[in-house]
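I have placed the structure first, in the form of structure tokens, so that the comments after it can refer back to it.
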Amino acid sequence: MAHHNSAVSSIDLHDLSFSWPDGSPVIASLTASFGRGRTGIVGRNGVGKSTLLRLIARELAPTSGTVVTHGVVGYLRQDVALDANRSLAEVLGVAPVLEALRRLEAGDADPEAFDTIGESWDVEERAIAELAELGFTGDLETPGVLDRPVASFSGGEVMIAGLARMRLEGATLSLLDEPTNNLDRRAREALFDAVRAWRGTLLVVSHDRELLDLMDATAELRQGEIALFGGTYSEYEEYLRGEQDAAERMLRSAEQRLRAERRQRIEAEEKLARRAKFARATQERGGLPKILVGRRKANAEASAGRHRGVQAQRVEGAEASVEEAEARVRSDTSIRISLPETRVPAGRTVLELDAEPRPFVLRGPERVALLGDNGAGKTTLLSAIARGPGEAGCVVRHRIGAVGVLPQRLDILDDDASVLDNVRAAAPNAEPRELRAQLARFLLRGDAVERPAAGLSGGERFRVCLARILLADPAPQLLLLDEPTNSLDLESVDGLVDALAGFEGALVVVSHDERFLERLGITVRLEVRRGEPLRVAPTRVE
């Protein structure tokens with residue numbers, strides 16, 4: 001495993017452990033160093049990625065172990081845009097200085113105001129300059145722009161303001177937690193440009209492949225350990241594929257050796273039994289003196305004991321090799337399903353929308369990406385498609401009957417019911433045995449299907465929601481997805497792509513994640529623009 005190429009570390013973690021007050025462990029005995037440059041932190045949801053950033057930022061105190069940082073730490077949380085009542089100046093961290101400046105301008109010569117301002121007389125100009133440099137899309141020339149509430153800006157603009165704050169504070173160690181969540185394409189591009197030009201040390205927790213491929217290094221948190229790799233996430237995946245191929249070859253070889261050792265052990269036991277039988281027969285015929293028979297018997301038993309010991313050791317060694325090889329092979333994380341009931345004939349009209357200059361008609365199993373800036377009306381349009389025609393002024397002229405909707409919040413499950421019962425609720429006529437076989441293909445096997453939904457991990461809950469929608473009766477022939485990769489870990493995104501490979505109906509998806517759209521095999525792109533009638537100019541992907 002390659003490590004950082006930096007000679008000097010900026011962040012050192014030594015034997016770091018953290019548990020919540022109820023004793024639930026999150027991180028255990030973690031030791032790692034991060035150097036200058038950009039590092040992407042990846043891992044399943046719930047593995048402790050955000051907790052690790054909060055420990056480095058000193059927001060949480062370790063249960064044991066140490067965190068040493070060499071520089072000024074800046075930390076941008078996932079929820080930076082949620083407090084709508086805060087002003088842009090508060091997000092930038094300049095509100096107290098601006099207030100002191102205003103008091104002085106109003107004639108209040110309070111010495112405290114001078115102390116607050118210190119050397120920051122030009123803070124407003126510097127803040128606006130940082131915002132402009134980072135690609136802030138709001139109107140920065142409007143007087144009092146920094147006093148406006150967060151609610152009047154897009155999520156992307158607030159995220160950029162959070163980045164600007166770290167630069168204004170002179171952060172040399174910057175921590176970003178899922179910075180692309182809820183950003184539209186334009187905001188994502190501004191963030192990517194900022195990351196490309198980043199100075200100092202940058203740690204980014206993300207499930208966004210496009211962002212992770214801008215990193216210099218990748219750190220994976222898995223099973224309480226951290227693996228550091230000196231390359232982008234795509235390069236890390238390639239490295240892992242090679243490692244997994246080698247691990248699987250080693251496992252097959254170890255299993256083969258174990259079978260051979262067990263077979264030899266059985267053959268050796270049979271050989272010893274034949275010898276003992278021959279010795280008894282010889283004694284019974286009286287062919288040898290009693291003293292000689294006793295000596296031979298003792299020697300034979302000692303020899304058999306040694307032989308059995310050697311055979312047992314060889315079998316134990318082979319079993320240990322299999323265990324070691326199994327530990328190196330990651331558990332199966334690929335969803336492989338066949339969904340022929342979702343098939344839509346190529347010429348069948350699935351959806352027709354009122355649009356200018358002409359209606360948009362979706363026929364057959366096409367895959368449509370619904371694009372546009374945040375606030376343009378993509379989710380509103382998706383909701384209208386989900387409801388179907390019938391409402392006054394509805395843009396939906398026609399829609400196929402069997403529709404599946406995957407909600408962002410994954411709130412379609414009955415938490416008190418088992419996994420199996422949740423899926424059976426959508427397919428009441430299906431045989432439980434058949435559903436179990438299908439759920440196994442969603443990586444939900446054995447006793448897992450009897451567990452209540454309330455006890456599921458984030459990744460398991462996502463797979464159950466997906467199974468409930470795709471295995472429904474009648475099967476969906478049009479599937480609607482609204483920002484499906486938001487808050488999903490990389491494994492769950494991979495699972496979604498795998499599952500949708502078996503979906504043979506039509507698909508309409510809202511997403512700003514270009515890598516995800518490429519992997520889905522999008523065939524049509526529709527753009528929705530804010531404040532305009534629905535002008536759908538489909539760009540068919542050849």
Side-chain angles (χ1 to χ4, degrees), residues 1-6 9-14 16-18 26-60 62 65 67-69 71 73-80 159 162-163 166 171-181 191-192 194-196 198 200-237 239-240 330 458-459 485-494 513 515:
M1 179 70 69
H3 291 263
H4 284 274
N5 54 14
S6 170
S9 62
S10 305
I11 300 165
D12 290 308
L13 315 176
H14 181 68
L16 182 67
S17 296
F18 178 79
V26 184
I27 289 169
S29 304
L30 204 65
T31 296
S33 294
F34 299 97
R36 282 179 62 84
R38 298 160 295 205
T39 300
I41 300 179
V42 300
R44 287 183 177 185
N45 282 347
V47 81
K49 304 184 298 295
S50 297
T51 304
L52 180 62
L53 289 195
R54 292 179 68 191
L55 286 163
I56 295 169
R58 303 286 200 279
E59 274 207 354
L60 294 172
V67 176
V68 178
T69 52
V73 178
Y75 173 44
L76 187 58
R77 297 168 189 78
Q78 280 188 49
D79 59 1
V80 65
M159 181 62 66
L163 297 179
M166 290 195 288
T172 55
L173 313 176
S174 305
L175 316 175
L176 311 184
D177 194 358
E178 298 286 9
T180 58
N181 272 7
L191 173 69
F192 294 163
V195 167
R196 285 185 193 100
W198 206 266
T201 299
L202 180 67
L203 259 58
V204 182
V205 165
S206 183
H207 62 262
D208 186 318
R209 286 168 180 271
E210 210 170 344
L211 176 59
L212 291 169
D213 278 348
L214 299 178
M215 300 292 113
D216 306 304
T218 302
E220 185 187 18
L221 263 179
R222 184 170 182 265
Q223 295 175 345
E225 295 181 357
I226 194 161
L228 296 172
F229 176 82
T232 66
Y233 183 70
S234 289
E235 289 166 343
Y236 179 56
E237 273 193 315
Y239 164 80
L240 276 184
R330 296 190 176 213
T485 61
N486 272 7
S487 305
L488 289 188
D489 58 33
L490 285 155
E491 277 190 9
S492 295
V493 174
D494 289 344
D513 187 334
R515 291 283 170 84

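Scanning both residues, Gly231 and Thr218, for their nearest heavy atoms gives O-OG1, 2.8 Å. Here the shortest heavy-atom pairing between Gly48 and Ile27 reads O-CD1, 3.8 Å. Closest of all the heavy-atom pairs between Ser17 and Ser29 is OG-N, 2.8 Å. Minimum interatomic distance between Tyr75 and Ser50 (heavy atoms only, all atoms of both residues): OH-O, 4.5 Å. Residue Pro62 comes nearest to Leu55 through the heavy atom pair N-CD2, 3.7 Å, listed as atom of the first residue, atom of the second, then distance.
At least one side-chain heavy atom of Leu228 sits under 4.5 Å from a side-chain heavy atom of Phe34. Looking at Arg196 and Leu214, their side chains come closer than 4.5 Å, going by heavy atoms from C-beta outward. For the pair Asp489 and Ser492, the minimum side-chain heavy-atom distance is below 4.5 Å. Leu203 places none of its side-chain heavy atoms less than 4.5 Å from the side chain of Leu173. Put simply, the side chain of Tyr233 reaches to within 4.5 Å of the side chain of Leu490, judged on heavy atoms. Put simply, the side chain of Met215 does not reach to within 4.5 Å of the side chain of Thr232, judged on heavy atoms.
A search for ring pair (Phe, Tyr, Trp, His ring centres under 6.0 Å) contacts involving Phe18 returns Trp20, not counting sequence neighbours. With sequence neighbours excluded, the residues forming a side chain to side chain contact (heavy atoms under 4.5 Å, CB included) with Thr172 are Val72, listed by chain and number. By the side chain to side chain donor-acceptor pair (under 3.5 Å) test, Glu225 is found to be paired with no residue, residues two or more places apart in sequence or in another chain being considered. Judged as a side chain to side chain donor-acceptor pair (under 3.5 Å), and not counting sequence neighbours, Thr485 has no contacts. Listed by chain and residue number, Thr180, Arg188 satisfy the side chain to side chain donor-acceptor pair (under 3.5 Å) test with Asp208 (two or more places apart in sequence, or in another chain). Glu235 meets the salt bridge (charged side-chain N to carboxylate O under 4.0 Å, His left out) test with no other residue; sequence neighbours excluded. Glu237 is linked by a salt bridge (charged side-chain N to carboxylate O under 4.0 Å, His left out) to Arg209, counting only residues two or more places apart in sequence or in another chain. Taking Asp213 as the reference, Arg515 meet the salt bridge (charged side-chain N to carboxylate O under 4.0 Å, His left out) condition, with sequence neighbours excluded. When the side chain to side chain contact (heavy atoms under 4.5 Å, CB included) test is applied to Ser174, the partners found at least two apart in sequence or on another chain are Met166, Ala171, Trp198, Leu202.
A parallel orientation is assigned to the rings of Tyr236 and Tyr239, their planes being inclined by less than 30° (bins at 30° and 60°).
Among pairs with a residue in residues 47-59, those fulfilling salt bridge (Lys or Arg N to Asp or Glu O under 4.0 Å) read Arg54-Glu59, Glu59-Arg77, at least two apart in sequence or across chains.
For the side-chain contact (heavy atoms from CB on, under 4.5 Å) test with Leu175, the passing option among Ile41, Leu76, Ile56 is Ile56; the others fail. Here the options are Val42, Leu176, Leu212, the test is side-chain contact (heavy atoms from CB on, under 4.5 Å), and the partner is Ser206; only Leu212 passes. Only one option out of Val26, Leu30, Val205, Thr51 pairs with Leu221 in a side-chain contact (heavy atoms from CB on, under 4.5 Å); it is Leu30. For the side-chain contact (heavy atoms from CB on, under 4.5 Å) test with Val67, the passing option among Leu16, Val73, Leu60, Leu52 is Leu16; the others fail.
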